[in-house]
There are 2 protein chains.
Amino acid sequence: MKTQHSASSTHTKILETASRLFYEQGYHLTGINQVIAEAGIAKASFYYHFSSKEDLCIAYLEKRHQDWFGWLREEVERSEEPQERLLSLFTFLELWLANSDFRGCAFLNITAEFPSPENRIRLLVLNHKDALQAYIAQLVDSLDIPASGNNSAYLINAIYLLFEGTICKCQMYRTTEFIKNTRETVSQLIS
Amino acid sequence: MKTQHSASSTHTKILETASRLFYEQGYHLTGINQVIAEAGIAKASFYYHFSSKEDLCIAYLEKRHQDWFGWLREEVERSEEPQERLLSLFTFLELWLANSDFRGCAFLNITAEFPSPENRIRLLVLNHKDALQAYIAQLVDSLDIPASGNNSAYLINAIYLLFEGTICKCQMYRTTEFIKNTRETVSQLIS
DNA sequence: TTTTATCCAGACAGGTTTGTCTACAATTTG
DNA sequence: CAAATTGTAGACAAACCTGTCTGGATAAAA
């Protein structure tokens with residue numbers, strides 16, 4: 001046995017392997033034995049770090065939230081202009097979706113897999129989507145638009161829905177081709 | 001045994017039970033033994049009518065497509081004016097989503113559950129979504145809009161995405177409250 | 001009426017799943 | 001250095017899964 005017990009290398013290894021597999025294959029089509037085999041750890045180590053498959057799922061979603069928002073911000077913050085930033089949300093989708101084999105949104109997917117998700121999972125989903133809408137709202141508020149309260153809310157809602165709709169369409173059609181049309185629509189909406 | 005072998009009553013019973021359970025619980029969380037128990041049939045009957053669980057899934061999606069489009073058309077065709085009809089797509093979502101416990105779109109859900117859906121399932125999903133977009137296109141084309149070819153395609157794409165985005169948001173947030181905002185946005189888009 | 005189709009009850013089989021447990025071994029901490 | 005922490009291999013157990021099969025019984029068709 002030549003294992004290095006660095007702070008939490010095994011914990012990280014499990015989480016990263018499971019995150020990849022849960023996202024790629026779906027939660028229910030991924031068994032813990034596969035996670036264990038691919039992470040190259042012992043079953044006892046798995047249960048040393050995570051008390052159940054479901055706890056691992058929670059950790060997966062928490063990690064996913066951080067990772068995904070990091071990717072999103074990274075792309076958006078390449079632009080300086082508020083309008084550019086808003087449009088880059090859709091540029092981000094083009095890049096991210098194509099790079100993730102059109103697997104779509106982890107939070108949407110888990111919602112489909114858990115019809116009555118227990119409260120923990122549902123809270124993570126809502127937290128993620130709240131954060132996304134807040135981010136869109138922030139970008140919209142940075143615009144120089146004569147948007148009265150109501151108008152701004154409509155716009156934020158619409159952009160959010162276009163965003164989610166785009167994720168779904170790409171996931172099903174396995175293409176990002178139409179996103180330039182969507183970006184153009186959003187461009188018109190904000191001008 | 002006092003069972004009536006009407007044309008396909010057992011086949012229908014299986015399909016309806018499975019359809020309900022697959023939609024409510026998800027495909028992978030529904031085992032065939034539950035379908036059998038709730039349909040009140042014998043296992044041999046199940047396999048007499050469907051050669052596998054997957055074949056049942058195909059039948060489920062085919063039935064779902066017919067049913068769902070029936071519901072959609074029924075609501076839309078209550079309006080006469082083209083504009084009214086387009087907006088009633090979102091009225092339909094309000095009614096349907098609230099009445100289906102916010103369980104969302106069966107086709108989206110199955111896409112999440114089958115990351116690499118085998119071809120048959122994927123074809124059914126795409127067929128359903130193609131039909132939906134064609135329907136939206138038909139409604140848009142009935143409008144009296146000076147829409148050049150490109151403009152019309154943008155509009156159809158946007159409305160479709162708002163539609164899908166709405167389904168997702170309602171599924172996650174378990175509310176239809178925001179749909180009136182969305183309907184207003186669509187109203188502005190088409191005028 | 002006979003034949004065919006459809007249905008029943010449920011045992012069986014092999015496989016998979018998640019989680020528990022044991023007896024160490026290796027590494028880190030105090 | 002000893003104690004605590006973390007990791008190993010993998011057996012075990014119960015439950016569940018999908019699909020096969022048997023020997024009828026019932027209903028419909030010819």
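A, B, ... follow the sequence lines: proteins, then strands. Residue 1 opens every chain.
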Test salt bridge (charged side-chain N to carboxylate O under 4.0 Å, His left out) applied to [X] - qualifying residues, sequence neighbours left out:
| X | answer |
| --- | --- |
| A:K53 | none |
| B:D101 | B:R174 |
| B:D141 | none |

Can you give each donor-acceptor pair under 3.5 Å made by side-chain atoms of residues 58-68 of chain A, sequence neighbours left out, with the distance rounded to 0.1 Å?
| from | atom 1 | to | atom 2 | distance (Å) |
| --- | --- | --- | --- | --- |
| A:K63 | NZ | A:D67 | OD2 | 2.9 |
| A:H65 | ND1 | A:H128 | ND1 | 2.8 |

Take the protein atom [atom1] of [X] and the nucleotide atom [atom2] of [N], then report the distance between them rounded to whole Å.
| X | N | atom1 | atom2 | value |
| --- | --- | --- | --- | --- |
| B:K13 | C:dC7 | NZ | P | 9 Å |
| B:F50 | C:dC7 | CZ | C1' | 15 Å |
| A:I36 | D:dG7 | CD1 | P | 13 Å |

Protein-proximity profile, nucleotides 11-19 of chain D, B/S/- by nucleotide at the 4.0 Å heavy-atom cutoff, equals B------BB

Side-chain donor-acceptor distances from residues 73-92 of chain A under 3.5 Å, at least two apart:
| from | atom 1 | to | atom 2 | distance (Å) |
| --- | --- | --- | --- | --- |
| A:R85 | NE | A:S79 | O | 2.7 |
| A:R85 | NH2 | A:S79 | O | 3.2 |
| A:S88 | OG | A:R85 | O | 2.7 |
| A:T91 | OG1 | A:R183 | NE | 3.3 |
| A:T91 | OG1 | A:R183 | NH2 | 3.4 |

